[in-house]
Amino acid sequence: MEITVSSLTLLKELTATQGVVERKTTIPILSNFLLEASEGKLTITATDLGSKSATSCPCQGKKRQAPVLFRRASCMNT
């Protein structure tokens, strides 16, 4: 995935969804965010299977981008 997004905007959106992502879980995939980019919009989704949080922000990219997962700990110091 190759997109351009403001770091402050991205931090704001990640902070909005981080409460749903579990720190310690027996299902490792729940410690990740799902990123999807399409039509100038980056959508960030997180879930703990009981609840889901999704938010979006503007981004620049060449075309529709494949979804990417990344760990919560890799994007923020908590």
*asked:* For a 4.5 angstrom cut-off between non-hydrogen side-chain atoms, does Ile44 reach Leu14?
replied: yes
*Quick one: pull up OG in Ser7 and NZ in Lys12 and give me the separation to the nearest 0.5 Å.*
13.5 Å
Sequence neighbours left out, cut at 3.5 Å: what donor-acceptor pairs do the side chains of residues 52-59 make with other protein atoms?
residue	atom	partner	partner atom	Å
Thr55	OG1	Glu13	OE1	2.2

_Nearest 0.5 Å, please: how far is CG in Leu10 from CG in Leu42?_
6.5 Å
*Is any side-chain heavy atom of Thr43 less than 4.5 Å from a side-chain heavy atom of Thr45?*
yes
